[in-house]
Engineer: 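Supplied in structure tokens, the structure appears directly below.
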Amino acid sequence: MNKHLTSAAQACARTIPHVYTTKTVKKHLTRTPVRYHARPLYSGPSISVTITLTDVVIDPPLDGVCGNRLVGFNRNALTGWRRYLGHEGCDAVRLDGRVLNVDGSRECKIDFFRVCLLQGDMPRVEKVILPEYPQGDPALISRYLKVGRSNATDALARASDLSVFFTASTSKPYTGVSADMDAVLWVSEVTRKGPSFVVPLKNARRSSQEPAKAVCASAPVKMNDAGNLTPSTPKASTLPPDPRRLLALEEIIPWLDREIAYVAHPLFDGQDVTIVVDESGFRIEEKLVSAEELDRLSKICNESQDRLREFFEQVIKTVGGDTVRLDGRIVAEQRGMPWCLDIHRTVVLDKGNQIIECPYDEKIFPLDEQPHLRLFTWLSQDTADAMKNTLQDLTFSIVDIIARGQRPVRISGTLWLPVNNDRYRPSFFIPFKPSPMSTAMVEAFLANLFSKQIDHLYHLEGVEITPWK
């Protein structure tokens, strides 16, 4: 199970996570030397920001390390790291940093020195982040050191010597910041061949801003769209009378009590289908389909009943409830495409009340084996309106490119399903509408999408989107 999907992504910042010393790193090195790059560290309270598919978690909370000093976050710069989710199997991105005082003011600056792509709790990729260095990058910053098991003693000694030289050769890391350097972090170019290690500078003075004991967050602290911190507090919302009705983006805004991740599913033209699974087995809502379609569906479900049972037990064990509803559509034979069942939504209920709604991501029915394009967006009450035009352009582009394909099928629009599962939130539907976008504009839009150049709209692979996986 991806624990980062359930908002449990906390990295206690009492120390720098996942680093070794020059003594302890030796046994983790590969025989062949790998390049290491240096990054000076400046005295100040440690802090980590973990960005997942569904959260931005700051630990310790800012008031624990900054007190009444002012600090600002660039929300887009932080959430933009989501474009790397799925790379090397990672399900979270963590930024490690320290809080530095700005001279002569009540402000402080967070000096992020490293980014880690995490799988579970372990880093799969690590890279250094350099300061501004307003007076120019120090010459030693461009240097690298090859370290491996075969040359560990000499190379690590050289790293210690170079680290000492940094204290005399580096200038202010940021405008208005005169912080003492107290260590140098060495990060390898290939994380699996050599973990990070740190060289403390014994004669470095500890800054007065470093607390005697860092505070570790007792609960996740989330960031809202203004860059401020806020706990997640659900708001009461009225459920639609028809649970299958497709809601517009404007209608789901009351459920956006914080920033929510959504994943897209193209909604094909076809007859609505609902399959209900509970302790007694499965049933098909007959009023939605014809007798012929009911026979076909019953045959498919009977052939898949073992997988349906296993799926039901896994869901109920993970999130509770007593019933699972699968919503989808029958895609009729058209232009060479066979009749098929396309499930797009999973809804978990308890005594008739909806607990969570989430994407369908299973291998139960025949069509489930086909790969699906994973497109994600993130919405809040403050950003939903601004994203509407982008999502409309996306829907038009998807329909347009499929219509020009070898086996086109009719698509009525794009259904966006919530990935966050801490409470019930509904999906929403962006219908296909004619657009003045030309073929060149569509191709340019999709090129930007797949190169991850569109803010808050990314194509990601290899990330979990259901809590029971």
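On a predicted model such as this, the values are computed, not experimentally measured, just so you know.
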Engineer: Checking K317 now: which residues fulfil side chain to side chain contact (heavy atoms under 4.5 Å, CB included) with it, not counting sequence neighbours?
Structural biologist: none
Engineer: Using side-chain heavy atoms (C-beta onward) and a distance below 4.5 Å, is W416 in contact with S427?
Structural biologist: no
Engineer: Less than 4.5 Å apart, side chain to side chain, heavy atoms only: is that true for F113 and I129?
Structural biologist: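 A side-chain contact under 4.5 Å is absent here.
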Engineer: If I compare all heavy atoms of T395 with all of G413, which pair ends up nearest, and what's the gap?
Structural biologist: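 So the two residues come closest at CG2-CA, 3.9 Å.
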Engineer: Taking D361 first and then R374, would you say they form a salt bridge - that is, a charged N and a carboxylate O separated by under 4.0 Å?
Structural biologist: yes
Engineer: Would you check, one step at a time, whether the test side-chain contact (heavy atoms from CB on, under 4.5 Å) holds for L375 with I398?
Structural biologist: CA-CA 11 Å; L375 300 176; I398 290 174; 4.0 Å; yes
Engineer: Please tell me whether R82 and T79 have a donor and an acceptor in their side chains that are separated by less than 3.5 angstrom.
Structural biologist: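 No.
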Engineer: Between the side chains of S163 and W186, does any donor sit under 3.5 Å from an acceptor?
Structural biologist: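 Judged by distance alone, the side chains do pair up.
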Engineer: Does F312 have its ring centroid less than 6.0 Å away from the ring centroid of W468?
Structural biologist: no
Engineer: Less than 4.5 Å apart, any side-chain heavy atom of I58 and any of V49?
Structural biologist: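 Side chain of I58 against side chain of V49, heavy atoms only: contact under 4.5 Å found.
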Engineer: To the nearest 0.5 Å, what is the distance between SG on C90 and CZ on R124?
Structural biologist: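 Nearest 0.5 Å value for the SG-CZ distance: 10.0 Å.
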Engineer: Identify, with sequence neighbours excluded, every residue that meets ring pair (Phe, Tyr, Trp, His ring centres under 6.0 Å) alongside Y84.
Structural biologist: W81
Engineer: Check for a donor-acceptor pair, side chain of Y36 on one end and backbone N or O of P195 on the other, with a separation under 3.5 Å.
Structural biologist: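 Answer holds: yes.
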Engineer: Looking only at non-hydrogen atoms, find the nearest pair between I356 and P467 and report the distance.
Structural biologist: CD1-CG, 4.4 Å
Engineer: By ring pair (Phe, Tyr, Trp, His ring centres under 6.0 Å), which residues pair with F450, not counting sequence neighbours?
Structural biologist: H459
Engineer: Mind checking the CG-CG spacing from D327 to L267? Nearest 0.5 Å is all I need.
Structural biologist: 10.5 Å
Engineer: Please find the pair of heavy atoms, one from V463 and one from G86, that lie closest to each other, and give the distance.
Structural biologist: CG1-N, 3.5 Å
Engineer: Between D182 and R98, is there a side-chain N and carboxylate O pair less than 4.0 Å apart?
Structural biologist: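 Yes, this pair counts.
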Engineer: When you measure from the side chain of T21 to the backbone N and O of T24, does any donor-acceptor pair fall under 3.5 Å?
Structural biologist: yes
Engineer: Identify which one of T383, L391, T390, V263 satisfies the side chain to side chain contact (heavy atoms under 4.5 Å, CB included) criterion when paired with T377.
Structural biologist: L391
Engineer: Does any non-hydrogen side-chain atom of H344 lie less than 4.5 Å from one of Y360?
Structural biologist: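 No. Closest side-chain heavy atoms not under 4.5 Å.
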Engineer: When rounded to the nearest 0.5 angstrom, what distance separates CG in D91 from CG in L460?
Structural biologist: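 If we round to the nearest 0.5 Å, D91:CG and L460:CG are 12.0 Å apart.
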Engineer: When you look at I465 and F376, which way does the side-chain contact (heavy atoms from CB on, under 4.5 Å) test go after all the steps?
Structural biologist: CA-CA 10 Å; I465 57 175; F376 293 87; 3.5 Å; yes
Engineer: Quick check for you: to the nearest 0.5 Å, what is the distance between L417 atom CG and T466 atom OG1?
Structural biologist: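 L417 atom CG to T466 atom OG1 measures 12.0 Å (nearest 0.5 Å).
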Engineer: Quick check for you: to the nearest 0.5 Å, what is the distance between D393 atom CG and K433 atom NZ?
Structural biologist: 11.5 Å
Engineer: Report yes if some heavy atom in the side chain of R258 is under 4.5 Å from a heavy atom in the side chain of D422; otherwise report no.
Structural biologist: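 Yes - at least one pair of side-chain heavy atoms lies under 4.5 Å apart.
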Engineer: If I compare all heavy atoms of F429 with all of S412, which pair ends up nearest, and what's the gap?
Structural biologist: CZ-O, 3.5 Å
Engineer: If you count every heavy atom of other residues, nucleotides or ligands that lies below 6.0 Å from E313 atom CD, does the total exceed 12?
Structural biologist: yes
Engineer: Name all residues meeting the ring pair (Phe, Tyr, Trp, His ring centres under 6.0 Å) criterion together with F396; count only those two or more places apart in sequence or in a different chain, and write none if there are none.
Structural biologist: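 With neighbours one apart ignored, the set is F432.
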Engineer: Test side-chain contact (heavy atoms from CB on, under 4.5 Å) on L95 and L78; report intermediate values, then the result.
Structural biologist: CA-CA 9 Å; L95 301 173; L78 287 177; 3.5 Å; yes
Engineer: Given side chains that start at C-beta, do those of I260 and I252 come closer than 4.5 Å, heavy atoms only?
Structural biologist: no
Engineer: Determine whether the side chains of D180 and S43 contain a donor N or O and an acceptor N or O closer than 3.5 Å.
Structural biologist: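 Per modelled atom types, D180 and S43 side chains form no pair under 3.5 Å.
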Engineer: Identify each donor-acceptor pair in which a side-chain atom of residues 435-447 lies under 3.5 Å from a protein atom, sequence neighbours left out, and give them as a table.
Structural biologist:
residue : atom : partner : partner atom : Å
S435    : OG   : M437    : N            : 3.1
S438    : OG   : M441    : N            : 3.2

Engineer: Around atom NZ of K363, are there more than 12 heavy atoms of other residues, nucleotides or ligands at under 6.0 Å?
Structural biologist: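 Result for NZ/K363: enclosed.
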Engineer: Side chains of L249 and M387: does their closest heavy-atom pair fall under 4.5 Å?
Structural biologist: no
Engineer: Surrounding NZ of K452 (heavy atoms of other residues, nucleotides or ligands, distance under 6.0 Å), is the total greater than 12?
Structural biologist: yes
Engineer: Quick one: closest heavy-atom pair of R149 and L29, and the distance?
Structural biologist: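 What the structure gives for the nearest pair is NH2-O, 2.6 Å.
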Engineer: Which atom pair, heavy atoms only, marks the closest approach of I411 to P266?
Structural biologist: CD1-CB, 4.1 Å
Engineer: Answer yes or no: is there a donor N or O on one side and an acceptor on the other, between the side chain of T191 and the main chain of E126, under 3.5 Å?
Structural biologist: yes
Engineer: Go through the structure and list residues passing ring pair (Phe, Tyr, Trp, His ring centres under 6.0 Å) with H28, not counting sequence neighbours.
Structural biologist: Y20
Engineer: Taking the side chain from T50 and the backbone from R94, do they hold a donor-acceptor pair closer than 3.5 Å?
Structural biologist: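 No: the side chain of T50 does not pair with the backbone of R94.
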Engineer: Looking at D96 and R39, is any side-chain nitrogen of the basic one under 4.0 Å from a carboxylate oxygen of the acidic one?
Structural biologist: no
Engineer: Are any of the side-chain heavy atoms of E464 and L53 separated by less than 4.5 Å?
Structural biologist: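 When only atoms from C-beta onward are counted, L53 and E464 do not touch, as no gap falls below 4.5 Å.
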Engineer: Flag yes if more than 12 heavy atoms outside K193 fall under 6.0 Å of its NZ atom; otherwise flag no.
Structural biologist: no
Engineer: Let me confirm one number: the CG-CG distance from L201 to L41, rounded to the nearest 0.5 Å.
Structural biologist: 8.5 Å
Engineer: Go through the steps to decide whether S188 and V147 satisfy the test side-chain contact (heavy atoms from CB on, under 4.5 Å), and finish with yes or no.
Structural biologist: CA-CA 9 Å; S188 74; V147 183; over 6 Å; no
Engineer: Is there a donor-acceptor pair closer than 3.5 Å between any side-chain N or O of Q453 and the backbone N or O of S451?
Structural biologist: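 Yes; judged by distance alone, with no hydrogens or angles, the pair exists.
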